[in-house]
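Whatever order the structure lists them in is the order used to number ligands and atoms, beginning at 1. For reference, positions follow the sequence shown, starting with 1. All values reported here derive from a predicted model rather than from experimental measurement.
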Amino acid sequence: MGKTRANRIGILTAGGDCPGLNAAIRGVGKAAMGTYGIKVVGIYDGFLGLIEHNFRQFEWEDLSGILSRGGTILRTSRVKPHKFETDDGKVVDMTDVAAEHYHEMGLDCLVCLGGGGTQKNALQLTQKTGIRVITLPKTIDNDIAGTDVCFGFDTATSIATEAIDRLHSTADSHRRIMVVEIMGNRVGWLALAAGVAGGADAILIPEIPYDIEAVAEAVRARDRRGSRFSIVAVAEGARPQGEELTNDQLGKAPPDVLGIQHHVGTTVARQLQELTGIESRVTVLGHVQRGGPPTPNDRLLATNLGTAAAELLAKGKWGTMVASKGQGWRAVPLEDVAGKRRYVELDHPLVSSARRIGACLGDE
Ligand code: F6P
């Protein structure tokens, strides 16, 4: 008969890092050790640590002093156990090796802190090998299905909003168009939230393909009204009308197509300068949005979800993601989360408010 509760667990952080990961590790670990008497092992470098057997057992002190620290003390990687790239470029399935090491570490459950890719990898692992998993939703992109919000998003929104605030005064001083490129290669939650919070005049997101002429006209209209500048917030995955990528293409697109090397913000700034005659500049916020200490809201969210995960471990409820729901949390079956992305709905209140306050979303 299977165990009904966990006595020893592993924690790993996978995918891109984000503020709040350490707060979540601390939340899971302290509640697991202190409240439920569960031993906690930290696995390094995401799923790579499971494949390479790279781990250490945590003591209480290891989890002290990390609440406000950015990044992840466990480090991270984008390694997928079922599609592991070897040094000579081959792709092999390392799921069985990962499972073998999980058993050698004496684990009863693996807690995976990650984004959409991590939810999929965790489900693959549990389905293929029977390893028990519980996941937590982190990503500045805020695009994981089944949860109201992901930790990391609030901090990234604050950073991007502050950047837009700061761009206002320099834009005004020079009578310029300031294009600010914000992370989000598939979804526009961050650009939309920071754009509205920072009062951007145009906000371009992947879910609403833009017509550059519509954006230029919005800038000209502001100019005619005597506004000396315009701020354009662009998600890195924003695409012009007619050049949208399908979801399938997005899933497979190389980094330059996703805008990581090619910056869509540069194209938008160049085109707006040509179309309006107003001098333009571009600021790419990049990984600044993922660095540094988490906001109090992200610390609270990560702590709440982390301690909730410990409760599930003690109750033996695996195979779930601990999701944020209203003021609290709920356990969502991983099958309902993995492989689904939460896009900005076109009738979302934030989209409506942006339109009502006169922000151009590029489509009209
Ligand atoms: O975590 C998601 C994300 O922040 C995207 O918004 C961004 O395009 C991507 O990560 C960047 O990834 P990397 O750190 O691997 O360059």
Side-chain angles (χ1 to χ4, degrees), residues 12-22 24 45-48 70-72 74-80 83 85 112-122 135-145 147 149-161 163 180-195 203-207 233-239 245 247 249-268 282-292 294-295 298 301-302 321 337-344:
L12 60 79
T13 54
D17 75 331
C18 78
L21 277 171
N22 286 326
D45 305 311
F47 292 100
L48 183 65
T72 157
L74 289 173
R75 308 189 300 262
T76 187
S77 73
R78 294 194 187 274
V79 163
K80 301 175 182 155
K83 278 189 198 164
E85 282 181 40
C112 306
L113 281 53
T118 304
Q119 311 302 326
K120 276 203 260 183
N121 293 336
T135 64
L136 260 64
K138 70 85 213 170
T139 167
I140 66 163
D141 292 345
N142 206 30
D143 61 349
I144 301 180
T147 184
V149 66
C150 307
F151 57 86
F153 177 64
D154 186 66
T155 308
T157 304
S158 302
I159 296 167
T161 302
V180 53
E181 187 181 298
I182 293 172
M183 271 192 172
N185 56 36
R186 294 169 171 88
V187 297
W189 289 112
L190 185 55
L192 181 62
I203 304 169
L204 309 182
I205 60 174
E207 292 88 339
V234 185
E236 61 182 347
R239 313 280 305 173
L245 297 179
N247 289 344
Q249 284 170 321
L250 273 169
K252 294 183 188 126
D256 56 336
V257 177
L258 294 177
I260 295 169
Q261 281 150 28
H262 163 78
H263 292 293
V264 65
T266 312
T267 307
V268 168
V282 60
T283 304
V284 178
L285 296 183
H287 292 80
V288 167
Q289 297 159 104
R290 291 219 315 242
T295 55
D298 271 339
L301 181 61
M321 179 184 80
V337 172
K340 295 185 186 145
R341 183 169 283 122
R342 198 170 67 91
Y343 292 96
V344 174

| task | Kindly identify the option in Asp141, Asp143, Ile140 whose heavy atom sits closest to atom 5 (C) of ligand 1. | result | Asp141

| field | Side chain Asp141, main chain Trp189, donor-acceptor under 3.5 Å | value | no

| remark: Atoms of ligand 1 under 4.0 Å from any heavy atom of Asn185, numbered from 1 in the order shown, are 5 (C), 7 (C), 8 (O)

| field | ligand 1 atoms in contact with Gly184 (distance to a heavy atom under 4.0 Å) | value | 6 (O)

| query | Counting N and O atoms only, with roles assigned by atom type, does the side chain of Glu236 sit under 3.5 Å from a partner on the main chain of Ile182, one being a donor and the other an acceptor? | reply | no

| note | Counting from 1 in the order shown, the ligand 1 atoms closer than 4.0 Å to a non-hydrogen atom of Arg290 are 1 (O), 3 (C), 4 (O), 9 (C), 10 (O), 11 (C), 12 (O), 13 (P), 14 (O)

| remark: When rounded to the nearest 0.5 Å, the distance separating CD of Gln289 from OG1 of Thr155 is 11.5 Å

| query | Judged by non-hydrogen atoms, does His287 sit under 4.0 Å from ligand 1? | reply | yes

| Any side-chain heavy atom of Arg342 within less than 4.5 Å of one from Ile144? | no

| Glu236 neighbourhood, listing ligand 1 atoms whose heavy-atom distance to it stays under 4.0 Å | 5 (C), 6 (O), 7 (C), 8 (O)

| Contact with ligand 1 for Arg78, non-hydrogen, under 4.0 angstrom | yes

| task | Start with the C-alpha distance between Val344 and Ile205, add both sets of side-chain angles, then the distance that settles side chain to side chain contact (heavy atoms under 4.5 Å, CB included), and finish with yes or no. | result | CA-CA 9 Å; Val344 174; Ile205 60 174; 4.1 Å; yes

| said: As an exercise, state the distance from OG1 of Thr157 to CG of Asn142, rounded to the nearest 0.5 Å. | reply: 7.5 Å

